[in-house]
Amino acid sequence: MPLLANTPVEKMTSPYSRRWWALLVLCLSLLIVVMANTSLIVAAPDMTKDLSLSSSDLQWVIDGYTVPYAALMLVLGAIGDKYSRRGALVTGLVIFAGGSVMGSLVEETGLVIAARAIMGVGAAVVMPATLSLLVAIFPRSERAKAITAWTATSGLAIAVGPLVAGWLLEDHAWGSTFLINVPIAVAAVIGALVLVPPSRAQGMGRIDYVGGLLSIVSVGSLVYATIEGPHFGWGTGPVTAAVVAAVGLLAFVAWELRHPHPMLDVRKFAQRPFSGSMLAVLFFFFGTFGAIYYATQYLQFVLGHGALETGVRLLPLAGAVFAGAAVTGWLTPKTGVKAMVVTGMAIGTAGVFLLTRIQSDSTYTDFLAPLLMLGFAIGLSVSPATDTIMGSFPESELGVGGGANDTALELGGALGIAILGSLLGTAYRDKLTDLVAGNLPPAALETAKDSVGGGLAVAQEVAKNPAGGAQQAQALIDAVHESFAHSVAQTSLVGGIIMAAGTMIVLAVLPGRGRAGKPARRETPQAERERVSAS
C-alpha cells in the first residue's frame, strides 16, 4: 500500500479501504476550527486584562474569526469542488496554522483581530472541505454513520475548546490558546496527505464568481450588522451593513435564478427536506452557542471557577453529544429525519428554558441539566439534518453543499452570540442600574455596567478605597451577581421563545416520513463521467 493516498476517489471502483482513518483526519481538522470558536471564551478575561480591551474590542477579537468564516464558506467550498477538495483542506489548515502563530505572538488588539480573521479564512476553507470529502469517500450505506461522527466532533469541540484553553491558561499566557492549534494542524496536514484521497468534481464547468461575490457581501454584511447593531447601537455602519445585506441577498437570488450554473441553486429552498434541515441547523446553533456563551461567563464570574475548572464543567455536554449521536444512529432509520430533528430541537429548547430558573445563589448543578439536554439534542438532531442537506446536492456540488450547511451552522452561532449576548448586556445594565444607582460615582457606574467583569473590577477598587471598604465592595459584588443572574434568566426566556418558534417552523416545513420520498440518488463517479462524456 503506497505511503501517500494518490488515487482519486473518482477513479475508485470500490469504496476506499482506509475511509475510516480518513474520517479521523477530517474530524481532527473540524475539531480545531470549531475549538477556535469556543476556546477564546475562557481566555477572554486574561486577554481583556493584558490588552486593556474594551467591550467592543473583545467582541471583535471573538467575531473577527466569525465574519470571514461565515461569509466565505460557500464560495470556497465551490473552489474546492472545482480544483481539489483535499488540496483545499491542506491549504485551509496551513492558513489556519499561520493565523494561529500570528495570534500567539502579537500584543496589539488590531493585530490579534487580524490574526483571528486569518484563522477564519482558513476555517472557511477547511470546514466545507471536510464535509464534501466525507460524502465523496463514503458509500451511501455508511454515510449517515460518518456524518454522525462528524457532527459529534463539532459538539465535542464546543466543550473541549474551553477545557484545553483552561488547561493551558493554568501555566501559560493566553497566546498559548492560539499556539496549540499549530501541532494539531500539522498532524492533520500529514494525515490528509497519507490517508485522505484526492477528490474533485467531474464536469463542473466554470465557477459562478459573481454569485460567490454576492454571497460573500450578503452574509458578511449580515454578520457584521448582527454583531455591531445589538451591542453598540444601530448607527450608520450597522444600518448600512443591514441594507447592503438585504440588497445583496435579493441580487444573489435574482442572479442565481438566471444563471445556467449557479453557485447555489436557490430553487433547493423550495424542497422542504432541504429548507427544513437548513433552518434546523441555524436555530439549533443559535440557541446552543448563545446559551454556552453566557453560561460560561456565569461559571467564571459569578461562581468564581477558573478557566480549567470551567472547561471541566462543560464536559458533560460533550458526553451528551455522543449519547445523542448513538441514539440517532439507531433511531433515525426507524423513525425518519423529521422525528429526530424536531425531537432534538424540542429537548434543546427545554434546556434553554431551564436556564430561566437561574438566580444569584444558583450553583453549577443548576446548569448541568441544561448542558446535558443541549448536548444530547445536538447529537440527536444535527446529524440527520446535515445528512439531508448533503443528500440534496450532486457529486459535483459537494463543497457547495458543505458550505451551505456550515454557513447555516456558523450564522446561527454568530446570531446567537450577538443577539442573545446583546440582550444579556442590556438586562444586566438595567438591573445593575436599579440596584446601585446613586451609590457609585458616574464613571465607576459606567464601568460596572459595561460587563460583569467590569463590575467585579470596580468592586475590587471600592474595597481598596478608604471611602468604600469591604462592606460596600461586597454589596456591589452581590448586586453584580444578582444583575447577571437576572440577565441570564431573562435572556434564556427570549432565547427559549425563539428556539420554540424555530421548532414549530421546522415541524411545519419538514415533510413526514411518508411524504418525504426517497432521497435523490447521487450518481457514482463512474456514472457521472459516462453521462458527461455522452453529453
Side-chain angles (χ1 to χ4, degrees), residues 37-38 40-45 47-49 51-64 66-67 109 223-235 237-239 241-242 286-303 310 352 355-356 358-360 362 367 413-437 440 442-459 476-498:
N37 236 351
T38 58
L40 207 64
I41 295 175
V42 296
M47 295 183 71
T48 300
K49 180 180 178 180
L51 299 176
S52 300
L53 299 178
S54 66
S55 59
S56 176
D57 292 335
L58 179 60
Q59 189 68 35
W60 277 107
V61 167
I62 294 173
D63 289 315
T66 301
V67 175
T109 301
V223 174
Y224 175 85
T226 302
I227 293 168
E228 280 287 302
H231 278 279
F232 311 116
W234 289 96
V239 170
F286 173 93
T288 300
F289 271 76
I292 290 174
Y293 176 73
Y294 53 75
T296 303
Q297 292 187 58
Y298 189 98
L299 294 176
Q300 287 186 285
F301 291 113
V302 178
L303 297 184
T310 299
V352 174
L355 292 172
T356 61
I358 296 300
Q359 299 177 352
S360 58
S362 293
F367 286 87
L415 291 171
I417 291 176
I419 295 174
L420 297 183
S422 174
L423 292 171
L424 183 81
T426 300
Y428 168 78
R429 286 191 294 271
D430 291 346
K431 185 66 174 180
L432 188 65
T433 300
D434 292 340
L435 292 176
V436 303
L440 287 175
L445 179 60
E446 286 303 311
T447 300
K449 287 163 56 179
D450 185 59
S451 66
V452 61
L456 296 177
V458 171
L476 178 56
I477 290 173
D478 292 341
V480 168
H481 288 177
E482 181 179 347
S483 299
F484 194 72
H486 168 79
S487 66
V488 168
Q490 293 297 308
T491 303
S492 297
L493 177 61
V494 176
I497 291 172
I498 293 173

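Side-chain atoms are counted along with the backbone in the values below, which use heavy atoms only and exclude waters and symmetry mates. Quantities reported herein were computed from a predicted structural model and do not represent experimental measurements.
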Asker: Kindly write out the residues that satisfy salt bridge (charged side-chain N to carboxylate O under 4.0 Å, His left out) with Lys431, not counting sequence neighbours, or none if the list is empty.
Answerer: none
Asker: Please identify each residue that fulfils side-chain contact (heavy atoms from CB on, under 4.5 Å) with Tyr224, with sequence neighbours left out.
Answerer: Trp60, Glu228, Ala241
Asker: Could you check whether Phe484 and Phe301 have their ring centres less than 6.0 Å apart?
Answerer: no
Asker: Using only heavy-atom distances, determine whether the side chains of Ser487 and Tyr294 contain a donor-acceptor pair under 3.5 Å.
Answerer: no
Asker: Quick check: do Tyr428 and Val488 have side-chain heavy atoms less than 4.5 Å from each other?
Answerer: no
Asker: What is the minimum heavy-atom distance between Leu440 and Ala448, and which atoms define it?
Answerer: CD1-CB, 4.5 Å
Asker: What heavy-atom pair brings Ala489 and Thr356 nearest, and what distance separates the two atoms?
Answerer: CB-O, 3.3 Å
Asker: For Ala427 and His486, work out which heavy atoms get closest and say how close.
Answerer: O-CD2, 4.0 Å
Asker: Is the shortest heavy-atom distance from the side chain of Met47 to the side chain of Val61 under 4.5 Å?
Answerer: yes
Asker: Would you say the side-chain atoms of Thr296 pair up with the backbone N or O of Tyr293, donor to acceptor, closer than 3.5 Å?
Answerer: no
Asker: About how many Å separate CD1 of Ile419 and CD1 of Ile417, when rounded to the nearest 0.5 Å?
Answerer: 11.5 Å
Asker: Has Ser360 got a side-chain atom pairing as donor or acceptor with Glu482's backbone, closer than 3.5 angstrom?
Answerer: no
Asker: Can you name the closest pair of heavy atoms from Val436 and Leu476 and give their distance?
Answerer: CG1-CD1, 4.0 Å
Asker: Check the pair Thr433, Lys449 against side chain to side chain contact (heavy atoms under 4.5 Å, CB included), reporting the backbone distance first and the verdict last.
Answerer: CA-CA 7 Å; Thr433 300; Lys449 287 163 56 179; 3.4 Å; yes
Asker: Roughly how far, to the nearest 0.5 Å, is CD1 of Ile358 from OG of Ser492?
Answerer: 7.5 Å
Asker: Please find the pair of heavy atoms, one from Leu420 and one from Thr491, that lie closest to each other, and give the distance.
Answerer: O-CG2, 3.3 Å
Asker: Could you report the tightest heavy-atom contact between Gln297 and Leu424, atom names first, then the distance?
Answerer: NE2-CD2, 4.2 Å
Asker: For Tyr298 and Val452, what are the C-alpha separation, side-chain angles and deciding distance, and is it a side chain to side chain contact (heavy atoms under 4.5 Å, CB included)?
Answerer: CA-CA 9 Å; Tyr298 189 98; Val452 61; over 6 Å; no
Asker: Excluding sequence neighbours, so at least two apart, what forms side-chain contact (heavy atoms from CB on, under 4.5 Å) with Thr447?
Answerer: Val458
